[in-house]
Amino acid sequence: MPIHTTLQTISELKNTRFPEIDQFPNHFLDDRFPIDVQNSYTVQKEFSVIGVSTLENQSSTIRVKPSSGSFSKFSYAQKTLELRPEYCIKGNHNIQLGEIKIIEHPIALQSAFGLYLDFELEKSSFPTFDFCDQVYLDGLDNNLQKIGEVPLITVARPFAMSWEKGYCILEPDEGDRKLILDHQVSYPGTTVGNSRIRTEMTPEIFSFIASARTTAFRPGEEAEKFYQIGLAGGLKDYPFTLENVILLNEEKIFNPREKFAHEGKNYEFLAHELIDILAWIRFLEEEYKGRFVGNMTTFLFDHHKQIDIAQFVCDRNRFSEIGMRIL
């Protein structure tokens, strides 16, 4: 995919963005976790979460364990892989590490909190939980252990990776030492439509939005049919229910949650989008052993594109002309 480093090209991409910018309401915060962004963490003791594996549609237990090395690890069927993008596979629409599928939600949590964790799975795919990453937050409550201080890192110079109509732009920290996400989506109709959200991604904001469900966008009457299926108990061969996805079409959300509603707008869709696009940053942080700060600007940034940019940024030889900088 093309890599752009000229400020003119990057500026041209940014100038095409939707002018209206959404922001989360001020109360979208959960400060129960004492996270210092200049430290890395693990868990004091192992905990387990149980769900229905997304692709096998079978009950599965995930064991979340203290970190046992310099990289987080994922294990399934007697095989263990470190969290490195060179092990990623482009399969179904997810971030897949070897045989282990749908890792984007747990690694987004790791990025938000600076967590090094080891995961052991009974089935090859992570579940689609009713409250997404909230199940992991429950296991982290009063269970965090500080590993040590890590540097804040940023890109040494701006660059963009582009494809078809989409792109991801990374720009250096501007001195405020924050991770700023500027994400936009374009869907038919008015439920989501052309939406853009810009926010600092802090542990407190992530803790609040962590329960945002995976999106199921279906056009017109197809969404109505899925809604009736959900009312009847869900699909036979796939663990879709009205509790573990947010179902919408061009004109309505069929199962909104009040938590994400504010002044006539529901932010759950955009909240889950941010969980998804944050995920790949964890590859970068584990490779360079720091906490990333700077600006990330994205459009049509799907999971396969996240694999592409993670593999580029974490390849120190290919990425050396742009480079990382320690603050």
Side-chain angles (χ1 to χ4, degrees), residues 1-23 83-86 88 90 93-95 104 107-108 111-112 151-187 192-201 270 272-288 290-327:
M1 293 183 183
I3 304 297
H4 311 277
T5 56
T6 64
L7 295 181
Q8 178 180 346
T9 301
I10 292 171
S11 178
E12 288 172 354
L13 289 173
K14 294 174 71 173
N15 286 340
T16 65
R17 294 180 71 75
F18 308 139
E20 185 175 338
I21 303 174
D22 286 317
Q23 293 183 324
L83 187 61
R84 296 174 182 262
E86 59 260 38
C88 285
K90 293 181 180 179
H93 180 61
N94 70 99
I95 300 180
E104 55 266 18
I107 67 173
S111 183
L152 296 177
I153 57 175
T154 193
V155 288
R157 54 189 290 212
F159 80 96
M161 177 178 278
S162 67
W163 50 87
E164 294 102 34
K165 298 179 181 180
Y167 49 82
C168 176
I169 304 168
L170 284 190
E171 296 174 284
D173 171 68
E174 298 177 343
D176 48 10
R177 302 193 169 200
K178 297 177 179 179
L179 173 58
I180 305 296
L181 305 183
D182 187 338
H183 180 59
Q184 73 175 28
V185 296
S186 184
Y187 278 76
V192 177
N194 294 331
S195 294
R196 177 182 172 191
I197 187 162
R198 190 174 191 274
T199 186
E200 178 185 359
M201 183 50 67
L270 290 173
H272 189 85
E273 284 281 313
L274 294 185
I275 294 173
D276 279 348
I277 67 161
L278 175 66
W280 82 273
I281 292 289
R282 191 59 201 165
F283 289 107
L284 180 161
E285 293 179 326
E286 298 223 357
E287 173 63 31
Y288 293 96
R291 296 294 301 277
F292 183 77
V293 292
N295 297 327
M296 182 168 75
T297 305
T298 51
F299 181 45
L300 298 177
F301 191 36
D302 67 28
H303 293 310
H304 289 181
K305 304 302 189 297
Q306 292 169 48
I307 292 172
D308 287 330
I309 196 169
Q311 290 176 341
F312 173 64
V313 173
C314 294
D315 184 330
R316 293 178 182 243
N317 290 328
R318 285 200 297 158
F319 194 62
S320 60
E321 291 188 13
I322 297 168
M324 301 295 299
R325 178 164 57 90
I326 297 176
L327 300 180

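All values derive from a computational prediction rather than experimental measurement.
The shortest distance between side-chain heavy atoms of P158 and I169 does not fall below 4.5 Å. Contact of the V313 side chain with the F283 side chain is not registered, since no non-hydrogen atoms from C-beta on lie closer than 4.5 Å. For the pair I3/M161, a side-chain contact is recorded, criterion being any heavy-atom separation below 4.5 Å from C-beta on. A heavy-atom distance below 4.5 Å is not found between the side chains of R84 and C314. Within the 4.5 Å cutoff, no side-chain heavy atoms of T297 are placed close to those of L13. By the 4.5 Å heavy-atom criterion applied to side chains, F299 and R196 are not counted as neighbours. For the pair V185 and L270, the minimum side-chain heavy-atom distance is below 4.5 Å.
For the atom pair CD of E104 and CG of L278, the computed distance is 12.0 Å after rounding to the nearest 0.5 Å. With rounding to the nearest 0.5 Å, the separation of CG in L83 from CZ in R282 is 7.5 Å. Note that the OG1 atom of T298 and the CH2 atom of W280 stand 10.5 Å from one another [nearest 0.5 Å]. Note that CG of L274 is 7.0 Å distant from OG1 of T199, once rounded to the nearest 0.5 Å. One finds the CD1 atom of I309 at 8.0 Å from the CZ atom of F319 (value rounded to the nearest 0.5 Å). Between H4 atom NE2 and F159 atom CZ the span is 11.0 Å, to the nearest 0.5 Å.
Under the 4.0 Å criterion applied to side-chain N and carboxylate O atoms, D308 and K305 are not assigned as salt-bridge partners.
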Please assess E200 against I180 for the test side chain to side chain contact (heavy atoms under 4.5 Å, CB included), listing each intermediate value before the final yes or no. CA-CA 4 Å; E200 178 185 359; I180 305 296; 3.8 Å; yes
Which is it for M296 and I281 under the side chain to side chain contact (heavy atoms under 4.5 Å, CB included) test, yes or no, and what are the steps along the way? CA-CA 10 Å; M296 182 168 75; I281 292 289; 4.2 Å; yes
Would F312 and I322 count as a side chain to side chain contact (heavy atoms under 4.5 Å, CB included) here? Give the steps. CA-CA 11 Å; F312 173 64; I322 297 168; 4.0 Å; yes
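Other residues, nucleotides and ligands contribute only 12 or fewer heavy atoms inside 6.0 Å of the CD1 atom of I326. Residue E86 places its CD atom among more than 12 non-hydrogen atoms of other residues, nucleotides or ligands, all under 6.0 Å distant.
Taking each heavy atom of K90 and H304 in turn, the nearest pair found is CE-O, 3.6 Å. Heavy atoms only, all atoms of each residue included: A112 and R291 are closest at O-NH2, 3.2 Å. For the residue pair V155 and F292, the shortest heavy atom distance occurs at N-CE1, 3.7 Å. Of all heavy-atom pairs spanning Q311 and P85, the tightest one is NE2-O, 3.0 Å. Annotation for F18 and Q184: closest pair N-OE1, 3.0 Å, computed over non-hydrogen atoms. Scanning all heavy atoms of the two residues, the minimum distance from I275 to A108 falls at O-CB, 3.2 Å.
Evaluation of the salt bridge (Lys or Arg N to Asp or Glu O under 4.0 Å) test over residues 318-327, restricted to residues two or more places apart or in two chains, returns D315-R318. Within the structure, salt bridge (Lys or Arg N to Asp or Glu O under 4.0 Å) pairs that include any residue of residues 10-22 comprise K14-E171, R17-D182, D22-K265 (at least two apart or interchain).
By the 30° and 60° cut-offs, the orientation of the rings of F301 relative to W163 is parallel.
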